[in-house]
Number of protein chains: 2
Amino acid sequence: MHTCTDAFDCFVSRVLPKRTGPETVRLFRTLGSHVHLKPDRHLHYPDDEPTLVFLCDGATKLVAHASDHREQVLAFHFTGDLLTLPAHGAHSYTLEALVDCDLMTFPYAQFLQAAEKHQQVLTQLLERSTVSLQRSREKTLTLGRKSALERVSSFLLSMAERIGRGEGSEVKLDLPMSRKDIADSLGLTIETVSRQFTLLRDQGLIRTQGRSGVTLLRVDELDRRAGHLRVAA
Amino acid sequence: MHTCTDAFDCFVSRVLPKRTGPETVRLFRTLGSHVHLKPDRHLHYPDDEPTLVFLCDGATKLVAHASDHREQVLAFHFTGDLLTLPAHGAHSYTLEALVDCDLMTFPYAQFLQAAEKHQQVLTQLLERSTVSLQRSREKTLTLGRKSALERVSSFLLSMAERIGRGEGSEVKLDLPMSRKDIADSLGLTIETVSRQFTLLRDQGLIRTQGRSGVTLLRVDELDRRAGHLRVAA
DNA sequence: CGATGGCTTGATCCCGTTCAATGGATGTGG
DNA sequence: CCACATCCATTGAACGGGATCAAGCCATCG
């Protein structure tokens with residue numbers, strides 16, 4: 001763990017307002033640490049206080065751990081995402097890399113204090129926190145009231161929005177997470193996820209290439225399968 | 001819907017910093033509306049932009065609606081809570097009163113603009129948003145990986161924290177929500193929730209009085225039943 | 001090209017749902 | 001203040017979707 005100019009610069013340009021004074025930039029630099037994570041490794045952070053993480057490059061999963069070694073993936077994150085790792089309470093949390101990752105970490109309380117005089121940073125934190133909350137709420141609905149097929153359809157549509165490359169009416173995806181990760185995110189088992197992929201493939205809604213490649217062929221039909229109220233145009 | 005000094009004053013004292021200038025208070029007053037909701041009625045709000053709600057008094061549930069008339073309770077709120085109603089996307093949302101409620105509503109974007117010069121308000125919004133996110137994440141774990149008994153135990157412990165009255169080693173609860181609401185919050189059916197209540201009663205962990213009264217007799221055992229990693233002291 | 005680990009497919013089981021009936025708390029009119 | 005009606009909660013029996021257990025399959029990498 002050392003301070004790396006590259007990653008920090010990435011943080012500055014993506015999170016701090018354009019015209020931030022050099023002394024403020026220096027303050028944030030003293031608070032932040034650069035960490036590189038290899039796939040399947042998790043971030044070590046103090047478990048008694050929250051940590052703010054900026055994902056400069058890569059993809060991660062935020063995992064909650066319950067008793068009996070059960071795991072639930074709370075969220076996936078991609079390049080440019082800003083996230084807060086909660087202090088451990090009734091459950092514990094880990095941030096794990098799906099691919100090689102570069103991230104900047106900050107002690108949450110100190111970061112907030114430093115940001116207090118810069119409402120643009122606060123506003124941005126609030127905005128991103130709201131987006132996270134919104135995603136988490138959608139996931140709550142998905143886990144609470146949807147069937148396996150609906151969950152997998154929702155997942156694919158959600159990934160399409162975040163990392164999909166549109167090609168005409170199709171959307172191409174290169175999933176950085178394994179079937180196990182998807183299952184842990186949707187409250188299902190590997191086997192069930194696999195069966196839903198097969199089902200969607202047999203219905204002609206998706207095409208799969210190898211382990212990580214997925215092409216969405218009929219987004220409208222997926223919306224319907226996902227149990228969405230409004231179907232995308 | 002009209003401007004009511006009482007409810008607004010409640011908002012001012014609970015959300016705005018102590019020394020807020022009268023012109024700022026006036027600005028927030030022009031943005032906010034006071035609404036009284038009777039039990040089972042829901043708040044009407046524009047579905048294309050988020051709304052900020054301060055719950056002056058009462059208890060509400062935030063409900064997400066999927067296709068096929070399925071409902072998922074995303075969160076319960078109690079007196080003093082500040083919450084954001086999202087704009088409708090793939091799903092729609094309603095805020096419904098569990099008991100008589102007084103609330104102040106603000107257009108989110110305008111509220112944020114008014115708050116921009118007052119970082120204490122921003123900080124508070126951020127703080128409350130973080131708490132909501134944290135609760136939502138706990139719920140995600142609960143819905144994704146826990147059994148019916150664990151879910152109901154988690155629910156009771158969570159309610160104990162928020163509206164419980166400790167009496168010695170016992171905690172007394174007066175639940176404002178019905179079994180249906182609890183079921184919709186936990187991704188279960190009324191019948192299953194009822195069965196878990198019976199189970200916990202038979203095991204001597206809780207006592208029930210009428211429909212809404214619950215006394216937690218063994219918090220430590222409930223923690224264990226809830227699948228928590230750490231058991232409360 | 002062969003080994004490894006993840007993915008897919010199949011058979012059986014179980015927890016929570018569904019359907020159905022009973023029980024009991026709350027509230028109203030006599 | 002009690003009888004009754006209503007609605008919610010509880011209890012029971014049967015069903016089903018996804019989990020579990022168990023093989024095979026095939027991408028990916030040495």
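Convention: sequence-line order gives letters A, B, ...; per-chain numbering from 1. FYI, side chains are in, hydrogens and waters are out, and symmetry mates aren't considered; it's all heavy atoms of this structure.
Regarding A:Arg179, its CZ atom lies at a distance of 19 Å from the P atom of C:dG5, rounded to whole Å. Counting to the nearest Å, the P atom of D:dA9 and the CG atom of B:Leu199 are 18 Å from each other. One atom, CD of B:Glu191, and another, P of C:dT22, lie 16 Å apart when rounded to the nearest Å. The nearest whole Å value for the distance from the CD atom in A:Glu150 to the P atom in D:dG17 is 13 Å. One interatomic measurement links the two molecules: CG of B:Leu149 to C1' of C:dC14, which rounds to 16 Å at whole-angstrom precision. One can place CG of B:Leu186 at 16 Å from C1' of C:dC15, the figure rounded to the nearest angstrom. A:Asp202 has its CG atom 12 Å from the C1' atom of C:dT8, to the nearest Å. Rounded to an integer number of Å, the gap from NZ of A:Lys146 to C1' of C:dG16 is 20 Å.
Considering B:Leu98, B:Thr60, B:Leu175 in turn, B:Leu98 is the only one that fulfils the side chain to side chain contact (heavy atoms under 4.5 Å, CB included) rule with B:Phe76. Of the residues A:Lys61, A:His65, A:His88, A:His42, the one that meets the side chain to side chain donor-acceptor pair (under 3.5 Å) test with A:Thr94 is A:His65. No option in B:Phe11, B:Phe54, B:Tyr45 other than B:Phe11 meets the ring-ring contact (aromatic ring centres under 6.0 Å, His included) test with B:Phe106. A side chain to side chain donor-acceptor pair (under 3.5 Å) with B:Ser185 is found for exactly one of B:Lys139, B:Arg151, B:Lys180, namely B:Lys139.
Of all nucleotides listed (C:dG16, D:dG18, D:dT10), C:dG16 comes nearest to the side chain of B:Ser147. The B:Ser178 side chain lies nearest to D:dA9 when the options are D:dA9, C:dC7, C:dG10. Proximity note for A:Arg195 (side chain, C-beta onward) versus C:dA11, D:dT11, D:dT10: the nearest is C:dA11.
Checking the phosphate oxygens (OP1, OP2) of D:dT10, a side-chain nitrogen or oxygen of B:Ser194 falls inside 4.0 Å. Within the structure, a side-chain polar atom (N or O) of A:Thr189 is placed less than 4.0 Å from OP1 or OP2 of D:dA19.
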* To do: Check the pair A:Val152, A:Phe197 against side chain to side chain contact (heavy atoms under 4.5 Å, CB included), reporting the backbone distance first and the verdict last.
  => CA-CA 8 Å; A:Val152 171; A:Phe197 269 86; 4.1 Å; yes
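Although no hydrogens or angles enter the test, the distance criterion places no donor-acceptor pair under 3.5 Å between the side chain of B:Arg145 and the main chain of B:Thr142. Under a 3.5 Å cut-off, the side chain of B:Ser153 and the backbone N or O of B:Leu149 do form a donor-acceptor pair.
Contacts of B:Gly187 with the nucleic acid, taken as non-hydrogen atoms under 4.0 Å apart, involve only primed sugar atoms and P, OP1 or OP2.
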Enumerate the protein-to-nucleotides 23-30 of chain D contacts in which both atoms are nitrogen or oxygen and the separation is below 3.5 Å.
from	atom 1	to	atom 2	distance (Å)
D:dA27	N3	A:Arg211	NH2	3.4

